[in-house]
Amino acid sequence: MQKDIGELDSDEAKIELDRLHKLLAEADIAYHAKDAPKIDDAKYDAQKMRYFLIEEKFPLLKRNDSLAEKVGAPIASGFSKVVHLQPMLSLGNAFNEKDVVDFVERGKKFFKHDKGLELAFTAEPKIDGVSASLRYENGVFVQGATRGDGSIGEDITENLKTIKEIPHYLLGEGYPDVIEIRGEVYISHDDFAALNKRAKEAGEQTYVNPRNIAAGSLRQLDANVTAKRNLKFFAYAWGFISAPFASSQFEAVQKLHEWGFEINPLMAICKNSQEMISQYHLIEEQRATLGYDIDGVVYKLDDLDLQQRWGAVARAPRWAIAHKFPAEQASTIVEAIDIQVGRTGALTPVARLKPVTVGGVVITNATLHNEDEIKRKDVRIGDTVVVQRAGDVIPQIVKVILEKRPSGSIPYDFPDRCPVCKSEAIREIDPKAGQKDVVRRCTGGLVCPAQAKENLKHFVSRNALDIDGLGEKQVEMFFEQGLIEHAADIFTLEGRDKTNLTPLRNKEGFGSKSASKLFEAIKAARTPELPRFIFALGIRHVGISNATLFAKTYGSFEEFERAAIAANTKESEAYLQLLSIDGIGQTVANSVVTFFHNEKNKKALGELLKQVKPQNYVLKIKNDNPVAGKIIVFTGSLEKISRAEAKAQAERMGAKVSGSVSSKTDIVVAGEKAGSKLKKAQDLDVQILNENEWLELVEKV
Ligand code: IVH
């Protein structure tokens, strides 16, 4: 007889969690590999649900290899969601050789106390395809997923299984029991051309580039369609591993090859930035004849222990960088210049272009950034211009070809009123620089329909509340129809819909199924995670990583709001605490304070909080070390590790690193020549460690 989860104590829960983990993992293998299910579906689902409920009740027991969670039933798109056991990170970019040199220098600085250490890096092509994560358990391919938002992707196992270059069973030996193999799905130029030829002959739509076709093929609901596309796969990285299997990047990738994966033949080891740049040029020279698209070169620190130490920032590792190939260019004509009004009122000029193909993609718009930029480049309507696009960034205008300028053209006159609400549009004075801001902003605030609409789009965007079925298009429609004006209206939509003459299910683009699904998704969004909610508010300068910092610091929305309201003077304790958050400077702090003191915002927030209850932030960290959850200040100079590394270590263990000492500080790590902060710590009776004591403590964890 199974005990109710409510009755389990922590020890029993641990035993139960381990038992279920084993049972479910075996069932997965039996199901996928041997095609002979061990337990029936209903029992499997019930046990899995029990597993996740125990994890939810005892978050500290969450195993490192927690089962990839299938969150609910398949979503609207037809694929269920998969939680990556370890997030899929993206890469920082280098656009020129100096950026590469700087990257290597950052590494040297980080490890400056490791005597005689020579940093080596791998260099390999950056494949322009679609990344995928493949989970193997005991050598059997059990689940494959898209990257998604990096933490949660979509389950595309069946489609991935049709790719010949993805083994269903790993070859050889030495692979960890559980491993997430990461790589790129792509299509060759030849196959791309053949597919497009066929599509054209059949009168179907053609694809603009190989990457789009790879992405489209992976999202086919019918795996038979995917199977016909001849997709290919290069393995180049890994996520979760149940045990280490190599000591260097290069060696690890060779192992992936031994286990049956294709790896890119152009990967090389480089001893310094010169060698890295040479490899870049070598790869660039071969670009046109490789037979598949690449868009740069990725450098990775070779030593895996050092990778671990260097760590990651936000969603990208510090130990790797993508060196992008220069953008492709073409020339075309500016047919018009429109002004777009953004969420914060910024007026952004956009050039409407005569359609032109750049690097295989047709472009019709290019950003002109701001008023000064138009002036500087003197872009006029009717001008012939050089445009460029690099990767996914918005195409840009490089320069005007003056020889082709039509006679009688006049310079562009930037408007000083908002084109949407006609409010005055001004350039604020930046208090720090004492100069006019480059951006001209509409002063209409939420009264301006454009700003209100953009705020709503932001509110439901991917890093914010991310409501399934409520994307930009739907927000646009609801806004135009007067159904949703402010964020709070989203949550009263269902109630009002009941008395609406044309209920949602009868509106174009909706049926009764999609309407009820949307209402379900909205209901589910009533208890958002705290970082998402803070981000969703659209406070200027508060992106998702700053929002996460606030969530971590204050724990609940009430506390955050209380602190922001109390921070009304620069001398207040609350303001100083805002500033003491590592990574938060004056600009962000001021913006937060201003936001919470604005009457219109207060009113909108009040309405919103009647509908929504943000969750409290629970640190998802192991609680079994002495610094988890503590506030630490580093001061003075460290001799054995760099300051950056000490900070990274503390954060990895779940501590918060602060820049200043206060009564809230738990530990001060004082290096040589520590000054006033050490003194303050002594006065406040804060625990003080020297560098060696700190390192001993880290070692023990
Ligand atoms: S490594 C932790 N290596 O680039 C590092 N990524 O901008 C994870 N990509 O999402 C990525 N070729 O889709 C790596 N040789 C390569 C790559 C590569 C293409 C893609 C990948 C990733 C994106 C990051």
Side-chain angles (χ1 to χ4, degrees), residues 84-95 99-100 103 107 121-134 144-154 156 160 163 165-166 179-188 209-212 214-215 218 231-241 246 248-250 252-254 256-257 261-270 276 279-280 282-284 286-287 290 292-304 306-325 390-393 462:
H84 299 301
L85 297 178
Q86 211 161 80
M88 287 181 83
L89 302 177
S90 56
L91 293 169
N93 287 323
F95 293 105
D99 290 346
V100 178
F103 165 66
F121 293 85
T122 56
E124 71 200 67
K126 182 169 186 306
I127 316 298
D128 195 7
V130 184
S131 54
S133 181
L134 319 170
T146 59
R147 177 171 186 278
D149 66 0
S151 302
I152 300 180
E154 286 183 326
I156 49 162
L160 289 168
I163 300 178
E165 295 185 352
I166 293 184
I179 180 167
E180 287 176 325
I181 290 185
R182 307 262 161 95
E184 204 83 355
V185 176
Y186 67 100
I187 187 167
S188 73
N209 61 31
R211 181 157 60 107
N212 285 12
L218 283 180
L231 299 175
K232 295 187 148 95
F233 184 79
F234 276 128
Y236 52 65
W238 56 96
F240 175 79
I241 43 175
S248 74
Q249 180 75 31
F250 196 84
V253 172
Q254 304 310 313
L256 300 184
H257 187 48
F261 290 96
E262 293 301 324
I263 58 169
N264 196 283
L266 290 175
M267 178 158 144
I269 294 194
C270 309
M276 290 153 79
Q279 183 65 11
Y280 169 88
L282 196 113
I283 293 174
E284 193 182 27
Q286 303 193 39
R287 184 180 184 189
L290 287 176
Y292 50 87
D293 275 358
I294 62 172
D295 58 347
V297 171
V298 183
Y299 308 118
K300 298 173 189 169
L301 182 61
D302 191 40
D303 185 304
L304 300 185
L306 298 182
Q307 280 188 4
Q308 184 88 7
R309 279 175 58 192
W310 204 356
V313 261
R315 306 206 66 79
R318 290 198 187 91
W319 46 263
I321 200 163
H323 188 176
K324 299 302 254 315
F325 291 136
D392 286 335
V393 300
R462 194 153 98 169

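Keep in mind the model is a prediction, meaning the values are calculated, not measured. Order of listing sets the numbers, starting from 1, for every ligand and every atom in it.
Between His323 and Tyr299, the angle of the ring planes lies from 30° to 60°, which puts this pair in the tilted group. Using cut-offs of 30° and 60° on the angle between ring planes, the pair Phe261 and Phe233 is tilted.
The side chain to side chain contact (heavy atoms under 4.5 Å, CB included) test applied to Ala145 returns Val82, His84, not counting sequence neighbours.
In the model, Glu180 has no side-chain atom that pairs as donor or acceptor with a side-chain atom of Gln86 under 3.5 Å.
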Can you produce the list of protein nitrogen or oxygen atoms under 3.5 Å from a nitrogen or oxygen of ligand 1, alongside each distance?
from, atom 1, to, atom 2, distance (Å)
ligand 1, 3 (N), Lys300, NZ, 3.1
ligand 1, 4 (O), Lys126, NZ, 3.3
ligand 1, 9 (N), Tyr236, OH, 3.4
ligand 1, 12 (N), Ile127, N, 3.0
ligand 1, 13 (O), Ser131, OG, 3.4
ligand 1, 13 (O), Glu184, OE1, 2.8
ligand 1, 13 (O), Glu184, OE2, 3.4
ligand 1, 13 (O), Tyr236, OH, 3.3
ligand 1, 15 (N), Glu124, OE2, 2.7
ligand 1, 15 (N), Pro125, O, 3.2

Checking side chain to side chain contact (heavy atoms under 4.5 Å, CB included) for the pair Phe121/Trp319: CA distance, chi angles, key distance, verdict?
CA-CA 9 Å; Phe121 293 85; Trp319 46 263; over 6 Å; no
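Side-chain atoms of Arg182 do not come within 3.5 Å of backbone N or O of Ser131 as any donor-acceptor pair.
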